[in-house]
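Below, all heavy atoms of this structure are taken into account, side chains as well, without hydrogens, waters or symmetry copies. Keep in mind that this is a model prediction, so the values were computed, not measured.
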Amino acid sequence: MGDKYILLLCIVCWTGLTLLLVCLPLRLRRLDRRTGICLLPLQRHKNRAAAAVWAVCYLLPLAMLVHPLNILYGTAFCCAALIGCEVECRDYIAGVRGGIYKNGLCAGGRFILFQEVQAVPVLRQEDWNDVLLRDKTLAVLTGGRTVTLRFSTAEECMAAAELFRTYVPAAII
């Protein structure tokens, strides 16, 4: 009786994993529509380990079939596989589409629309150039929460700050 539920749980997990990977090109297309043209491409990377992570996520439910587990542990294995696949999909999207766009910024695994930005606190400081050159991070306040963007180089961070100053003048106030 328990084996039927484990098999059903594996099938549901594999279906979810397949949907996540099949929807990846659709998510990329949707991001392209939302962002507009790329003004400044940031350092982009193609995550070569993505295929390995996705393969491990597919093999995780298989471990339940090889070594029988109770339904609670089986559910935990499936959730870990789905969460791991989703995290890797987001990292892949951020790595492929990293840049400053007409409508927003894609960096550090996040996409922020310029219209959602309420403030960029570091731009209010007198020595904001020195702070950005030293830290290579930019804190952005959107919707009541602070998002920290990390950049590969200080030049990318400075370019992002200048675009925030241009496209979001209210962020400086």
Side-chain angles (χ1 to χ4, degrees), residues 1-118 135-153 156-157 160:
M1 181 90 167
D3 292 339
K4 292 179 186 176
Y5 291 117
I6 294 294
L7 181 62
L8 180 65
L9 191 60
C10 288
I11 291 171
V12 168
C13 183
W14 284 322
T15 304
L17 291 169
T18 303
L19 283 174
L20 281 173
L21 293 178
V22 166
C23 290
L24 189 60
L26 299 174
R27 291 168 75 174
L28 285 168
R29 233 178 288 143
R30 180 176 172 246
L31 183 64
D32 288 343
R33 277 197 310 267
R34 287 179 63 198
T35 57
I37 60 170
C38 184
L39 302 174
L40 175 70
L42 300 178
Q43 185 176 14
R44 296 178 178 182
H45 67 281
K46 288 195 176 182
N47 192 348
R48 300 192 197 298
V53 171
W54 290 326
V56 168
C57 289
Y58 265 95
L59 292 175
L60 210 53
L62 186 64
M64 293 186 317
L65 295 176
V66 173
H67 182 73
L69 300 171
N70 67 18
I71 196 76
L72 182 63
Y73 290 125
T75 304
F77 266 59
C78 287
C79 288
L82 288 168
I83 290 170
C85 187
E86 173 62 22
V87 167
E88 189 58 40
C89 284
R90 287 183 183 197
D91 186 49
Y92 180 80
I93 290 170
V96 172
R97 296 290 194 265
I100 300 171
Y101 294 86
K102 182 181 177 187
N103 299 328
L105 172 83
C106 186
R110 299 189 185 259
F111 177 70
I112 299 171
L113 289 171
F114 287 135
Q115 64 190 16
E116 294 174 356
V117 174
Q118 295 172 344
D135 295 340
K136 294 189 278 188
T137 61
L138 194 60
V140 179
L141 184 65
T142 60
R145 66 173 202 213
T146 302
V147 177
T148 302
L149 302 170
R150 289 170 179 56
F151 296 91
S152 301
T153 63
E156 289 179 353
C157 189

State, to 0.1 Å, how close [X] and [Y] come at their nearest heavy-atom pair, and which atoms those are.
X: Phe111; Y: Cys106; value: CD1-CB, 3.9 Å
X: Gly36; Y: Asn103; value: N-ND2, 3.9 Å
X: Leu17; Y: Leu82; value: N-CD2, 3.7 Å
X: Gly84; Y: Val53; value: O-CG1, 4.3 Å

*Is there side-chain contact between Leu20 and Leu24, with heavy atoms separated by less than 4.5 Å?*
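The answer is no; the side chains never approach within 4.5 Å.
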How far does [atom1] of [X] sit from [atom2] of [Y], to the nearest 0.5 angstrom?
X: Leu9; Y: Lys4; atom1: CG; atom2: NZ; answer: 16.0 Å
X: Leu8; Y: Cys10; atom1: CG; atom2: SG; answer: 9.0 Å
X: Tyr101; Y: Leu39; atom1: OH; atom2: CG; answer: 10.0 Å
X: Phe77; Y: Ile6; atom1: CZ; atom2: CD1; answer: 10.5 Å
X: Cys78; Y: Ile83; atom1: SG; atom2: CD1; answer: 11.0 Å

Discussion item. Taking salt bridge (charged side-chain N to carboxylate O under 4.0 Å, His left out) as the cut-off, I'd like each qualifying pair that reaches into residues 29-42, sequence neighbours left out, listed once.
Written reply: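 Qualifying pairs: Asp32-Arg97.
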Query - Pairs where residues 11-27 contributes a residue and the test salt bridge (charged side-chain N to carboxylate O under 4.0 Å, His left out) is met, not counting sequence neighbours - result: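 Non-adjacent pairs meeting salt bridge (charged side-chain N to carboxylate O under 4.0 Å, His left out): Arg27-Glu86.
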Ignoring hydrogens and angles, write down the donor-acceptor pairs under 3.5 Å from the side chains of residues 55-71, residues two or more places apart or on other chains.
residue : atom : partner : partner atom : Å
Tyr58   : OH   : Thr18   : N            : 3.1
Tyr58   : OH   : Thr18   : OG1          : 2.8
Asn70   : OD1  : Leu72   : N            : 3.2
Asn70   : OD1  : Tyr73   : N            : 3.0

